[in-house]
Amino acid sequence: MNNTEIQTKLSAELAQVRQRLLDMLASSNQGHHQLLLSQLKDNPPSVWLEMTANNLGPEFQILISRLEKLEATLCQIDIGQYGYCCDCEEKIDNERLIADPASQRCRHCAP
């Protein structure tokens, strides 16, 4: 898969994660979730990570983590650094990228 295809795939997943986040907030009966939902709808998706990271509980952590990872990977593609470990800057092996195209770390640096 080339970078354009990867970017398209990751952008589609990013849109799905954002929609899932909106759906979870919409189905919540907590007032602060409804307020955040309204704020997210009034702001561009590029600032959602900043708005949600510290304002949501652990039930949203998987979505927030994936959102962060997808946005970082798309940024790496934009600057020509896709496929390189964000810690040691070594090339991430193809098997790892095939398993998860949003991988940020090589096998040695991954937690």
Side-chain angles (χ1 to χ4, degrees):
M1 217 182 310
N2 66 37
N3 282 0
T4 302
E5 293 169 331
I6 293 167
Q7 189 171 23
T8 300
K9 180 180 178 176
L10 294 174
S11 293
E13 183 182 351
L14 180 60
Q16 290 173 341
V17 170
R18 287 176 175 155
Q19 187 59 53
R20 175 102 191 255
L21 179 63
L22 292 176
D23 293 345
M24 283 181 69
L25 289 169
S27 67
S28 172
N29 59 3
Q30 296 185 25
H32 70 280
H33 286 167
Q34 297 305 312
L35 178 60
L36 182 58
L37 176 63
S38 175
Q39 292 170 341
L40 292 176
K41 288 181 177 181
D42 290 341
N43 285 280
S46 60
V47 299
W48 286 16
L49 186 58
E50 182 181 329
M51 294 175 69
T52 58
N54 297 320
N55 294 316
L56 292 173
E59 69 274 21
F60 289 90
Q61 194 53 49
I62 292 173
L63 282 177
I64 301 301
S65 293
R66 191 63 182 171
L67 183 65
E68 182 177 37
K69 196 173 188 181
L70 290 166
E71 288 184 3
T73 302
L74 289 168
C75 182
Q76 284 180 315
I77 291 171
D78 287 344
I79 64 173
Q81 294 297 310
Y82 177 73
Y84 291 92
C85 179
C86 64
D87 290 336
C88 71
E89 299 180 4
E90 292 295 318
K91 189 92 171 115
I92 299 171
D93 63 85
N94 284 336
E95 289 175 7
R96 192 168 186 80
L97 291 173
I98 289 169
D100 181 4
S103 293
Q104 296 288 304
R105 290 177 174 80
C106 69
R107 188 176 317 275
H108 302 290
C109 296

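Everything numeric here is computed off the predicted structure, so don't read it as measured data. Both backbone and side-chain heavy atoms feed into the values below; hydrogens, waters and symmetry mates do not.
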Legend entry - More than 12 heavy atoms from other groups under 6.0 Å of CD on E95: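 At most 12 heavy atoms, drawn from other residues, nucleotides or ligands, come within 6.0 Å of this atom.
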Is it true that [Y] and [X] share a donor-acceptor pair across their side chains at a distance under 3.5 Å?
X	Y	result
E89	Q81	no
Q61	S65	yes
Q39	N43	no
S28	Q34	no

Inset, instruction - For R105, check salt bridge (Lys or Arg N to Asp or Glu O under 4.0 Å) against everything at least two apart and list the hits. - result: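 Expected list: D87.
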Legend entry - Any residue meeting salt bridge (Lys or Arg N to Asp or Glu O under 4.0 Å) with D100, in chain and number order, not counting sequence neighbours: R66, K69
Inset, instruction - For the residue pair D78 and Q7, establish whether any side-chain heavy-atom pair is separated by less than 4.5 Å. - result: yes
Without placing hydrogens or testing angles, list every side-chain donor-acceptor pair under 3.5 Å for residues 52-60, not counting sequence neighbours.
| residue | atom | partner | partner atom | Å |
| --- | --- | --- | --- | --- |
| T52 | OG1 | W48 | O | 2.9 |
| T52 | OG1 | L49 | O | 3.4 |
| N55 | ND2 | M51 | O | 2.4 |

Inset, instruction - Only counting residues at least two apart or in another chain, list the ones meeting side chain to side chain donor-acceptor pair (under 3.5 Å) with E71. - result: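 Partners of E71 by the side chain to side chain donor-acceptor pair (under 3.5 Å) criterion, ordered by chain and then number, come out as R18.
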Legend entry - Qualifying residues under side chain to side chain donor-acceptor pair (under 3.5 Å), relative to R20, sequence neighbours excluded: none
Legend entry - By ring-ring contact (aromatic ring centres under 6.0 Å, His included) - contacts of Y82 (at least two apart): none
Inset, instruction - Please report the closest heavy-atom contact between T73 and A102, naming both atoms and the distance. - result: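 The pair with the smallest heavy-atom distance is OG1-O, 3.2 Å.
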Inset, instruction - Taking all heavy atoms of P101 and all of I6, pick out the closest pair and write down the distance. - result: CB-CG2, 4.2 Å
